[in-house]
Amino acid sequence: MNKLILLYCLLLFLHTGCKKEKPVELPKEESKPFYAPSTVLENPEKEPTYKEDTATLYEYRIGKSGDYTYNYDVIGTDKEENVVEGNITIKDKYGNGELKYSNGNTFTVTVEWIGHGKLLAKDKKENEYSLVVKE
């Protein structure tokens with residue numbers, strides 16, 4: 001019986017002696033900003049590393065191996081399913097470009113890869129557009 005009381009006291013001591021650790025709050029990871037519109041080159045063909053390739057989806061690329069900037073023709077829709085199309089420039093996961101509606105209204109967007117050949121674009125008013133690379 002004494003052993004049982006001793007075991008109970010030991011468990012009670014261990015239970016009250018343990019402090020609950022507060023969970024460590026990890027810093028919130030900020031989302032990376034899209035590239036500023038200035039990353040779109042006015043005359044990319046003047047770049048020394050300019051390369052066209054009609055066998056691939058991109059119109060052209062510039063840069064050194066592992067650090068390329070690509071240019072694509074894209075088509076997509078806004079949240080009301082209105083069709084937009086245009087041209088974008090991408091480096092790594094982010095880029096920007098210009099889209100237009102069928103009525104001719106053009107606007108600047110920033111873009112982000114969200115899947116293979118799929119992009120999410122946002123304009124200055126934070127309107128979103130679902131885009132795909134034209135084949």
Checking side-chain contact (heavy atoms from CB on, under 4.5 Å) for the pair Asn71/Asn87: CA distance, chi angles, key distance, verdict? CA-CA 7 Å; Asn71 182 269; Asn87 187 271; 2.6 Å; yes
In the structure I gave you, are the side-chain heavy atoms of Leu119 and Val132 within less than 4.5 Å of one another anywhere?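 No, their side chains stay 4.5 Å or more apart.
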Within a strict 4.5 Å, meaning less than it, do heavy atoms of the Val111 and Leu131 side chains meet?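 Contact flag for Val111/Leu131 side chains = yes.
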Answer with yes or no whether the hydrophobic clustering places Ile75 together with Leu99; edges join I, L, V, M, F, W, Y residues whose side-chain heavy atoms lie under 4.5 Å apart. no
Yes or no on side-chain hydrogen bond (donor to acceptor under 3.5 Å, both in side chains) for Asn96 and Thr110, after CA distance, side-chain angles and deciding distance? CA-CA 4 Å; Asn96 52 56; Thr110 55; over 6 Å; no
Suppose we screen for side-chain contact (heavy atoms from CB on, under 4.5 Å). Which residues come up paired with [X], at least two apart in sequence or across chains?
{"X": "Glu80", "result": "Asp78, Asn82"}
{"X": "Lys79", "result": "none"}
{"X": "Ile114", "result": "Lys118, Leu120"}

Tightest non-hydrogen contact, residues Thr77 and Val84, listed as N-CG2, 4.1 Å
May I ask you to check whether Tyr70 and Trp113 place their ring centers less than 6.0 Å from one another? no
Check side chain to side chain donor-acceptor pair (under 3.5 Å) between Glu98 and all other residues, then give those that pass, not counting sequence neighbours.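 Glu98: no side chain to side chain donor-acceptor pair (under 3.5 Å) contacts found.
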Short N-O contact, Glu85 and Lys134, less than 4.0 angstrom: yes
Using ring pair (Phe, Tyr, Trp, His ring centres under 6.0 Å) as the criterion, list what pairs up with Phe107, not counting sequence neighbours.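 Only Tyr101, Tyr129 meet the ring pair (Phe, Tyr, Trp, His ring centres under 6.0 Å) criterion with Phe107.
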